[in-house]
Amino acid sequence: MAIHEDSSAHKKKSSDIWDEISTFNVENMQNNTRIINYSRTFMSIIGGVIAGILGFTGLTGFIFYFVVMAITTGGLAAKTGFSVHSYFDSWNRIVFDGILGGLLSFVLFWTFAYDIVHIF
């Protein structure tokens, strides 16, 4: 990471520079990524059941899925206190990680709930 150094500021010691470089614990990053995947899968299943009960078909169901994923992303960002860089290396982890993986679970439970409520 580059450190922005002001030209009017005094020279810093080399030990001070190393204190400012952010480091990540790999195990914590993996755990946080795993929590994101679990949360997205859970919300995909819940969203699929709700979409099936409400009778969404076609494109409206997929739009509902992306709305649920946007709400999930907002919830995860709120859980981090909107300081995502303290828990992840970039915003891409919290915004895009696991969205397409949950789509299959969403479609499975969407069709299952739709069949139970509206067909049988």
Side-chain angles (χ1 to χ4, degrees):
M1 251 172 137
I3 299 174
H4 176 47
E5 192 171 302
D6 191 9
S7 60
S8 65
H10 60 82
K11 282 288 202 185
K12 294 183 179 182
K13 292 191 267 182
S14 63
S15 63
D16 291 341
I17 292 173
W18 286 109
D19 290 339
E20 292 182 12
I21 295 175
S22 62
T23 58
F24 295 104
N25 186 345
V26 176
E27 294 169 357
N28 290 345
M29 293 279 288
Q30 289 175 346
N31 186 42
N32 294 342
T33 304
R34 191 175 311 117
I35 288 171
I36 285 179
N37 287 330
Y38 290 154
S39 300
R40 290 204 186 275
T41 302
F42 178 73
M43 289 303 292
S44 296
I45 292 169
I46 297 300
V49 170
I50 291 171
I53 290 172
L54 293 177
F56 292 152
T57 57
L59 190 59
T60 56
F62 289 107
I63 291 171
F64 182 74
Y65 172 72
F66 287 111
V67 167
V68 168
M69 287 298 105
I71 292 169
T72 303
T73 299
L76 290 170
K79 181 72 174 171
T80 64
F82 296 100
S83 63
V84 175
H85 293 290
S86 299
Y87 300 95
F88 303 100
D89 53 353
S90 70
W91 272 93
N92 291 338
R93 292 265 187 214
I94 201 164
V95 174
F96 297 116
D97 207 22
I99 286 182
L100 293 179
L103 186 61
L104 295 175
S105 298
F106 175 81
V107 170
L108 175 70
F109 282 90
W110 176 23
T111 55
F112 181 67
Y114 183 86
D115 287 347
I116 288 176
V117 172
H118 298 284
I119 294 177
F120 296 118

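Please read these numbers as outputs of a predicted model, since none were measured by experiment.
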Is there a path of hydrophobic side-chain contacts, each under 4.5 Å between heavy atoms, that joins Ile50 and Met43?
yes

Here the gap from Thr41 atom OG1 to Ile36 atom CD1, rounded to the nearest 0.5 Å, amounts to 11.5 Å

A side-chain contact here means heavy atoms from C-beta on lying under 4.5 Å apart; do Ile46 and Phe42 qualify?
yes

If you group Ile, Leu, Val, Met, Phe, Trp and Tyr by side-chain heavy-atom gaps below 4.5 Å, do Phe64 and Ile45 land in one group?
no

Interatomic distance, CG@Asn37 vs OG@Ser44, rounded to 0.5 Å, equals 10.0 Å

To the closest 0.5 Å, what do you measure between NZ (Lys79) and OG1 (Thr72)?
14.0 Å

Identify each donor-acceptor pair in which a side-chain atom of residues 87-98 lies under 3.5 Å from a protein atom, sequence neighbours left out, and give them as a table.
{"unit_1": "Asp89", "atom_1": "OD1", "unit_2": "Arg93", "atom_2": "NE", "d": "3.2"}
{"unit_1": "Ser90", "atom_1": "OG", "unit_2": "Asn92", "atom_2": "N", "d": "3.4"}

Show every salt bridge (Lys or Arg N to Asp or Glu O under 4.0 Å) that has at least one partner inside residues 25-50, sequence neighbours left out.
none

Name each donor-acceptor pair under 3.5 Å that joins a side chain in residues 100-119 to protein atoms two or more places apart or in another chain, with its distance.
{"unit_1": "Trp110", "atom_1": "NE1", "unit_2": "Phe56", "atom_2": "O", "d": "2.9"}
{"unit_1": "Thr111", "atom_1": "OG1", "unit_2": "Val107", "atom_2": "O", "d": "3.0"}
{"unit_1": "Thr111", "atom_1": "OG1", "unit_2": "Leu108", "atom_2": "O", "d": "3.0"}
{"unit_1": "His118", "atom_1": "NE2", "unit_2": "Gly52", "atom_2": "O", "d": "3.3"}
{"unit_1": "His118", "atom_1": "NE2", "unit_2": "Ile53", "atom_2": "O", "d": "3.2"}

